[in-house]
Enquirer: 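Quick one: the structure is below, and I'll ask about it shortly.
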Amino acid sequence: TAHLNLEEIMSGDTERDIDDVWALFDEADWYCGAVLEGGRNAEGTYVATTDPALRDKVLRVRRSLATVTRAARDRHADLGAGTAGVGTEADQSFDASFDEFVRESDQAETMVQAAMNEGDAVVRHTRETSRLTMMGVMLVALVLALALALIMARHLTTPVVAAAGLSQKIAQGDLRISDEADAAEDRGDEVGALMRNFASMRTSIRDARSPCATHSATATALSMSPRELTKPASCTRPLKVSKYLLHSAGTDALSANQFS
């Protein structure tokens with residue numbers, strides 16, 4: 001654009017401003033500096049390249065641009081002096097320097113495009129790696145959550161089921177206790193307290209039933225040997241033996257008052 005505007009001005013177009021041409025040359029120089037040193041403008045932020053070959057090429061472009069700018073100023077100065085024209089030394093110098101600038105710029109543009117493509121590939125690879133890593137982390141977290149849920153469920157439900165089974169056995173008169181229920185008594189939580197209460201209740205019922213069961217067995221044997229009947233001291237319920245039972249056992253020696 002700067003070259004076209006300059007040619008229009010050199011051809012006698014007075015509507016164009018030469019300052020716009022110099023501003024375009026300065027803008028081109030700023031972009032060269034942004035590639036080398038980084039920078040920011042309205043279009044965005046530019047990061048300096050670290051590629052040695054690209055940096056060397058952009059330096060060549062910048063030097064060539066400076067040569068073109070000087071040649072353009074010389075041509076415009078000749079226009080003001082009335083010595084400008086096709087084939088003049090300033091005109092030939094500008095054409096040669098501009099051709100060199102275009103050649104260097106095309107090569108630099110190719111290298112910049114290649115570097116951008118390589119950077120895009122790195123970004124895509126990094127993005128894909130991050131996505132796979134995130135999926136792996138989520139999968140591991142899911143597995144751990146499931147494992148923890150299973151462990152917690154087993155930790156809670158197993159003793160609860162044992163407590164329910166123990167209460168059912170006690171209700172049915174079975175005072176034996178399973179290994180699971182016995183192990184659950186050592187827990188320090190509410191389930192352990194419940195199992196210890198069940199164990200205490202089981203022991204109390206068993207202790208209460210033991211002397212009475214012995215007394216009952218003795219009463220059962222009374223029909224065979226009434227004289228062997230003795231009343232256990234620990235039984236809280238007195239044994240009642242009717243006169244009819246004593247008569248059927250074939251003895252009149254024992255009085256019913258002895259068993260009251």
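As the structure is a computational prediction, the values presented were derived from the model and not from experiment. One is the number of the first residue; the rest follow in order along the sequence. All heavy atoms count here, side chains included; hydrogens, waters and symmetry mates do not.
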Enquirer: Closer than 3.5 angstrom, by distance alone: can the side chain of N117 be matched with the main-chain N or O of Q113 as a donor-acceptor pair?
Expert: yes

Enquirer: Is it true that F101 and V58 fall in one hydrophobic cluster, defined by side-chain heavy atoms closer than 4.5 Å?
Expert: no

Enquirer: What pairs of residues pass the side chain to side chain donor-acceptor pair (under 3.5 Å) test when at least one of them lies in residues 20-29, not counting sequence neighbours?
Expert: D29-R62

Enquirer: Hey, could you give me the CD/CZ distance between E8 and R16, rounded to the nearest 0.5 Å?
Expert: 5.0 Å

Enquirer: Rounded to the nearest 0.5 Å, what separates atom CG in D99 from atom CD in E104?
Expert: 12.0 Å

Enquirer: List in chain and number order the residues that pass side chain to side chain contact (heavy atoms under 4.5 Å, CB included) with Q92, two or more places apart in sequence or in another chain; answer none if no residue qualifies.
Expert: none

Enquirer: Out of curiosity, R63 CZ to L65 CG, how far, rounded to the nearest 0.5 Å?
Expert: 12.0 Å

Enquirer: Show the nearest heavy-atom pair for residues W30 and R40, with the distance to one decimal.
Expert: CZ2-O, 3.6 Å

Enquirer: When you group the ILVMFWY residues by side-chain heavy-atom contacts below 4.5 Å and let the links chain together, are V102 and V68 in the same group?
Expert: yes

Enquirer: Do any side-chain atoms of residues 75-82 form donor-acceptor pairs under 3.5 angstrom with protein atoms, and if so which ones, sequence neighbours left out?
Expert:
from: R75; atom 1: NE; to: D91; atom 2: OD1; distance (Å): 3.4
from: R75; atom 1: NH1; to: E7; atom 2: OE2; distance (Å): 2.7
from: R75; atom 1: NH2; to: D91; atom 2: OD1; distance (Å): 3.1

Enquirer: Report the residues that fulfil side chain to side chain contact (heavy atoms under 4.5 Å, CB included) with E43, sequence neighbours left out, ordered by chain and then residue number.
Expert: Y31, N41, Y46

Enquirer: If you group Ile, Leu, Val, Met, Phe, Trp and Tyr by side-chain heavy-atom gaps below 4.5 Å, do L24 and I18 land in one group?
Expert: no

Enquirer: Could you go through residues 133-149 and list every donor-acceptor pair under 3.5 Å that involves a side-chain atom there, pairing it with any protein atom two or more places apart or in another chain?
Expert:
from: T133; atom 1: OG1; to: T129; atom 2: O; distance (Å): 2.7

Enquirer: Testing the basics here: between V21 and A2, what is the closest heavy-atom pair and its distance to 0.1 Å?
Expert: CG1-O, 3.8 Å

Enquirer: Would the number of heavy atoms belonging to other residues, nucleotides or ligands and lying under 6.0 Å from CD of Q107 be above 12?
Expert: yes

Enquirer: By the salt bridge (charged side-chain N to carboxylate O under 4.0 Å, His left out) test, which pairs, at least two apart or in different chains, include something from residues 130-139?
Expert: E128-R131

Enquirer: With rounding to the nearest 0.5 angstrom, report the CG to OG distance, L59 to S64.
Expert: 12.5 Å

Enquirer: According to a 4.5 Å side-chain heavy-atom criterion applied to Ile, Leu, Val, Met, Phe, Trp and Tyr, with indirect links allowed, do L36 and L54 form part of one hydrophobic cluster?
Expert: yes

Enquirer: For the pair R55 and D51, find out whether any cationic side-chain nitrogen is under 4.0 Å from an anionic carboxylate oxygen.
Expert: no

Enquirer: How long is the gap from CZ on F94 to OG1 on T88, to the nearest 0.5 Å?
Expert: 11.5 Å

Enquirer: Rounded to the nearest 0.5 Å, what separation is found between the CG atom of D106 and the CE atom of M111?
Expert: 13.5 Å

